[in-house]
There are 2 protein chains.
Amino acid sequence: MNLKQLAAELGLSPTTVSRALNGYPEVSEATRLRVAEAARHYNYRPNTQAKRLATGRAMAIGHIIPLSTRHEIVNPVFADFIAGAGEVYARAGYDMVLTIVPDSDEERAYREVHSKGNVDGIIVHGPKVHDARLPLLEELGLPFVVHGRSLGADPGYSWVDVNNTRAFERATGFLLDLGHRRIALVNGIETMDFAARRRHGFERALAARGLAADPALMVAGEMTEAQGHDAARDMLDLPDPPTAFLTASFLSAMGVRRALWERDMRMGRDVSIVTHDDELGYLRNGADEPIFTATRSSVREAGRRCAAMLLRRIETGAGAPESDLLEATLVVGASTGPAPRRSDLTD
Amino acid sequence: MNLKQLAAELGLSPTTVSRALNGYPEVSEATRLRVAEAARHYNYRPNTQAKRLATGRAMAIGHIIPLSTRHEIVNPVFADFIAGAGEVYARAGYDMVLTIVPDSDEERAYREVHSKGNVDGIIVHGPKVHDARLPLLEELGLPFVVHGRSLGADPGYSWVDVNNTRAFERATGFLLDLGHRRIALVNGIETMDFAARRRHGFERALAARGLAADPALMVAGEMTEAQGHDAARDMLDLPDPPTAFLTASFLSAMGVRRALWERDMRMGRDVSIVTHDDELGYLRNGADEPIFTATRSSVREAGRRCAAMLLRRIETGAGAPESDLLEATLVVGASTGPAPRRSDLTD
DNA sequence: TTGAAAGCGTTACCAA
DNA sequence: TTGGTAACGCTTTCAA
């Protein structure tokens, strides 16, 4: 059933039917009702392609994922973000178009998606400290919002990010308050903006107490179980091993835990772990009270906000860049001090 | 630059230019070259929407993800699958359209995506033992391929699946060979087809030795770290606790390991774990030789095959249903017997 | 408040 | 081998 047929059934012109369905004011209430009724009855849905061609709007948002970036697509953060963004798109009648590209083709993919005109805007995932995509998109004039930020880029782009610097600063401060002085950082790859910021936060907290970060206690790499394990194993072999670990992901924390296990050490007794991720709800304080983070659900929230921001910009024709900084909470597993409360960490 | 403008530049009709660019045979080699050259020079890309409207093909494949289904979107398996499918779509010039829907709206989403005509076919994710989506899609006449299978459905649909039954049967047999008699199964939700099959495999291996599964040693639920932990903790409290665990996911295995840790038990000495997932490369046998599975990369391969099958069906106008059964390998962490070799399991 | 007609950028049919 | 024209299904301008 298409518009013409529906109009014929109603004895109206396609024009009027279109107007009635799209909420134009100049159509009488009576016809609007008749039309709506008939549309429902015949289960009429306007053809997307035709609508797109006529309006010149793709009604779709692109997400371009570099293939090799295991960091992104295989990252639970990515999935949660996509879920959040997808909710918003669905409500607004937009499609979400995912494009998987080999890294080498990334630039071509952006240009192509632009000239083919099958998306109205783009979400940039996993920004690096120095990221060639932002100037490229600026040049193309394609509306975009970055999930994250890029330290090396000209400001002036729109973004939604979590406060990684402060989160890690706070977490480090928390461990310092518990008396730890040898704190290890098991970080993500530091060409990624988020990891660079986490390291800054870590170093800032140490510096605030007049401490310098020990390079032997800092490691950066793919955030896997194996990374956490190998890093912790090696560090625990040092003459002056760490008494606490700060990790950038759940998987790394799992690996650290395995290294402790292999040495018959216990979290909270011999060592503390603080990790910036969710899923660690099971780390409990002395009162068997779960201490957890909002990371996972807040990533979904970030997805929602990112998508909403982009749609707003598209529909209002962009304008001044916008930004949105979410505060992250942290998972804490440590019981050598007083049982930490969520509120200790959230502000 | 659109087709008309390009044609004008060349002094040709849009028709001819279109034919030249789309490889129709009836255009002379000379003009084909001229056109190709000009297209490159002006960086011409045909407008997707117009092409779609004219051909009646959306050049897009839909993936509909129910929102609440944490099992899917947040599942690393999902991400790997998407990555594999995305590769194939990109090569074939198709878009991948992800739709996130509240569970209650799932049927409506399928109907809508169909009547709006913005996809040419659908991949069905996470089939249940009894799944209403398959008859619905059949009724709509929308081409689809299932990632997985549905025990309760009429055969006659196309699918790509991993041999879950046999994988778990083999893993169970492996533990039995090592002498274990009390084997626990920490499974996924058993209304999901894959989990039902895994359980069948488990029970079949026991039955083959004349053993019956002990209900107290079987648990099914969300495959999280917490699930694995709680299940293992409770089972280890039984008067006759398990000596081995078979888990359906990496996260569950992590939880089982934590439960062991809390009891100062060790894998390989006190207990064995076999899990159907990747990332457990770190479970090493006595010779410190990693024993690992291909699951993760094979999920990507499944994504590729699923996508390729669907595109083939769309382009050839479907026909007899097709299927593709991949053999799964398994992660094994156990050292109470002779060091297991990968080939022992892959047979 | 309604309708006729043009237009969006392609492809596809029929002539030349 | 090429070109003119209709068609795809909708929106939008202009008239009535």
Side-chain angles (χ1 to χ4, degrees), chain A residues 1-36 38-39 42-60 93-95 112-120 315, chain B residues 1-36 38-39 42-60 93-95 112-120 315:
Chain A
M1 170 72 71
N2 64 24
L3 187 63
K4 205 163 137 192
Q5 297 169 322
L6 181 61
E9 292 290 339
L10 284 160
L12 287 170
S13 75
T15 311
T16 305
V17 176
S18 170
R19 280 198 277 242
L21 292 173
N22 291 300
Y24 281 65
E26 65 260 33
V27 56
S28 83
E29 207 46 41
T31 35
R32 188 189 304 287
L33 285 174
R34 266 184 68 218
V35 170
Y42 292 108
N43 195 30
Y44 166 76
R45 297 265 182 284
N47 178 289
T48 317
Q49 325 306 341
K51 193 165 194 155
R52 287 171 170 169
L53 183 57
T55 57
R57 297 184 37 192
M59 294 302 286
Y94 278 74
D95 280 346
E112 198 166 298
V113 97
H114 176 243
S115 48
K116 290 203 310 180
N118 48 180
V119 303
D120 298 317
E315 299 189 343
Chain B
M1 171 72 71
N2 64 24
L3 188 63
K4 206 163 136 191
Q5 296 170 321
L6 182 62
E9 292 290 340
L10 284 161
L12 287 170
S13 76
T15 312
T16 304
V17 176
S18 170
R19 280 198 277 242
L21 292 172
N22 290 299
Y24 281 65
E26 66 260 33
V27 55
S28 83
E29 207 46 43
T31 35
R32 187 187 303 288
L33 285 175
R34 265 185 70 217
V35 170
Y42 292 107
N43 194 30
Y44 166 77
R45 297 264 182 285
N47 178 290
T48 317
Q49 326 305 343
K51 193 166 194 155
R52 286 171 171 168
L53 182 58
T55 57
R57 297 183 37 192
M59 294 303 285
Y94 278 74
D95 280 347
E112 197 165 297
V113 96
H114 176 243
S115 48
K116 291 203 310 181
N118 50 178
V119 303
D120 298 317
E315 298 189 344

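Lettering follows sequence order; numbering is per chain, from 1.
In this structure, K51(B) does not reach the dG9(C) phosphate: none of its side-chain N or O atoms is under 4.0 Å from OP1 or OP2. One finds a side-chain N or O of S18(B) lying less than 4.0 angstrom from the OP1 or OP2 phosphate oxygen of dT11(C). The side chain of Y24(A) contributes an N or O atom lying less than 4.0 Å from OP1 or OP2 of dT12(D). The phosphate of dT2(C) (OP1 or OP2) has no side-chain N or O of S13(A) nearer than 4.0 angstrom. Distances shorter than 4.0 Å separate some side-chain N or O of T31(B) from OP1 or OP2 on dT2(D). At the phosphate of dC8(D), neither OP1 nor OP2 sits under 4.0 Å from any side-chain N or O atom of N2(A). Contact check, Y44(B) against dT10(C): a side-chain N or O comes under 4.0 Å of OP1 or OP2.
The nearest pair of heavy atoms linking A39(A) to L21(A) is CB-CD2, 4.0 Å. Considering every non-hydrogen atom in both K51(B) and P46(B), the closest pair reads NZ-CG, 4.0 Å. When all heavy atoms are compared, the tightest approach of Q49(B) to N118(A) is NE2-CA, 3.4 Å.
Distance, N47(B) CG to dT11(C) P: 10 Å, rounded to whole Å. Spacing between atom CZ of R34(A) and atom C1' of dT2(C) amounts to 12 Å, rounded to whole angstrom units.
Relative to the side chain of P46(A), the nucleotides dC10(D), dC8(C), dT11(C) differ in distance, and dC10(D) lies closest. Here dT2(C) is the nucleotide among dC10(D), dT2(C), dC8(D) with the atom lying nearest to any side-chain atom of T16(A). Of all nucleotides listed (dG3(C), dT11(D), dC8(C)), dC8(C) comes nearest to the side chain of L53(A).
Side-chain to base pairing of R19(B) with dG3(D): one donor and one acceptor N or O lie within less than 3.5 Å of each other. For R52(A) against dG9(C), a side-chain-to-base donor-acceptor contact under 3.5 Å is absent. Judged by atom type and distance alone, T15(B) reaches the base of dA12(C) through a side-chain donor-acceptor pair under 3.5 Å.
Two residues, V27(B) and P14(A), neighbour DNA chain D, and the one matched to the more 5' nucleotide by heavy-atom proximity is V27(B).
Y94(B) and R57(B) share a side-chain donor-acceptor pair at under 3.5 Å.
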